[in-house]
Q: 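One structure is given below, represented as structure tokens, and several questions about it will come after.
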Protein chains: 2
Amino acid sequence: MGDVFKALADETRRLILDELATRDDQTLFELCSLLISRHGVNSSRQAISQHLAVLESAGLVTVRWQGRSKLHSIERGPLRDLTQRWLEPGKDTRCGST
Amino acid sequence: MGDVFKALADETRRLILDELATRDDQTLFELCSLLISRHGVNSSRQAISQHLAVLESAGLVTVRWQGRSKLHSIERGPLRDLTQRWLEPGKDTRCGST
DNA sequence: CGATTATGCAAGTATCCACTTGCCTGTCAA
DNA sequence: TTGACAGGCAAGTGGATACTTGCATAATCG
């Protein structure tokens, strides 16, 4: 399993997650179009494909084949409690705990 | 301000945060010793210093000078809600919200 | 003051990583 | 079956980055 932090370190990959957070089951071409039109990313199809491979290896994206289309979805599991390692209980400000 | 995700992408820097999460106000030499003895990191003092600079630039480490010693502490602000961008409200599991 | 300690700065190297290019495989429609 | 579509694989390139080496600066101690 790849490194979740390393996967999140790239801006293009974060934008891919943004798009997948908006809508699941998107193909490579759909993601390419959205990244170009909405975020000005001008990378090739292969570049995006490699980014998706990194995200998949990190467990942040799951894949489902449908015919010749590969449908990508976001996997939120690895994102939860990712930084909990440094936010020890008792000092958390998010849940209104004293 | 640097990139928080990029700062967290390096294992050595994550270990530094681990040590700073254990104890605040540590000097460069203290961190070097701990990284070597507890984690087998065998980087030079300058390497660790550069890592600390990256962490500081990302806002993850704050610095306080005391004489000729530079005391480093963890800054947890940028760590909170770092992944909230993809964990839209209503699907959060941490606060027991419905 | 001189010596030591704690750290910073700058340049060089070597590896990693994002990206491209070119070609190949598998699926669908006519 | 033929052509078009969706995607994968592999090699090469350029830029970023982790690390080292060598020297410089500032504070403390005798």
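To find a chain, count down the sequence lines: A is the first, B the second, and so on, and within it residues start at 1.
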Q: I'd like to know if the side chain of A:Gln66 reaches the main chain of A:Ser69, judged simply by a donor and an acceptor atom lying under 3.5 Å from each other, with no hydrogens or angles considered.
A: no
Q: D:dG7 C1' sits how many Å from A:Gln26 CD, rounded?
A: 16 Å
Q: Name the closest nucleotide to the B:Arg13 side chain, picking from C:dA18, C:dC23, D:dA18.
A: D:dA18
Q: In whole angstroms, how far is the C1' atom of C:dC17 from the NZ atom of A:Lys6?
A: 11 Å
Q: Check the distance between C:dT5's P and B:Glu30's CD and give it to me in whole angstrom.
A: 16 Å
Q: Using heavy-atom distances to pick each residue's nearest nucleotide on DNA chain C, tell me which of A:Ala47 and A:Gly67 is more 5'.
A: A:Ala47
Q: Ignoring the backbone of B:Arg68, work out which of C:dT7, D:dT28, D:dA18 is nearest its side chain.
A: D:dT28
Q: Treating B:Arg13 as the side-chain partner and B:Ala7 as the backbone partner, does any N or O pair qualify as donor plus acceptor under 3.5 Å?
A: yes
Q: Hey, is B:Asp3 close enough to A:Arg14 for a salt bridge, meaning N to O under 4.0 Å?
A: yes
Q: Measure CG/B:Leu71 against P/C:dT5 and give the value in whole Å, please.
A: 19 Å
Q: Let me know the distance between CG of A:Asp10 and P of D:dG15, rounded to the nearest Å.
A: 17 Å
Q: Nearest to the side chain of A:Ser44 - C:dT21, D:dT17, C:dA11?
A: C:dT21
Q: Return the value, rounded to whole Å, for the distance between atom CH2 of B:Trp65 and atom C1' of D:dT25.
A: 10 Å
Q: Strictly below 4.0 Å, N to O, side chains only: are B:Lys70 and B:Glu56 in salt-bridge contact?
A: yes
Q: Would you tell me if any nitrogen or oxygen in the side chain of B:Lys70 comes within less than 4.0 Å of OP1 or OP2 on C:dG8?
A: yes
Q: Look at B:Ser49 and C:dG8 and indicate whether a side-chain polar atom (N or O) is within less than 4.0 Å of OP1 or OP2.
A: yes
Q: Within the modelled atom types, does a donor on one side and an acceptor on the other bring the side chain of B:Gln50 and the base of D:dT20 under 3.5 Å apart?
A: yes
Q: Of the nucleotides C:dG22, C:dC19, D:dA6, which one has an atom closest to the side chain of A:Gln46?
A: C:dG22
Q: For B:Arg45 and B:Val54, find the nucleotide of DNA chain D closest to each by heavy atoms; which residue's nucleotide sits nearer the 5' end?
A: B:Val54
Q: To the nearest angstrom, how far is A:Arg64 atom CZ from D:dA6 atom C1'?
A: 16 Å
Q: Starting at atom CG of A:Leu52, determine the distance to atom C1' of C:dC19, rounded to an integer number of angstrom.
A: 15 Å
Q: Counting side-chain heavy atoms from CB outward, which of D:dT20, D:dG8, D:dA6 is closest to A:Phe29?
A: D:dA6
Q: Considering only C:dT7, D:dA18, D:dT20, which nucleotide approaches the side chain of B:His51 most closely?
A: D:dA18
Q: Do B:His72 and B:Glu30 have side-chain N/O donor and acceptor atoms under 3.5 Å apart?
A: no
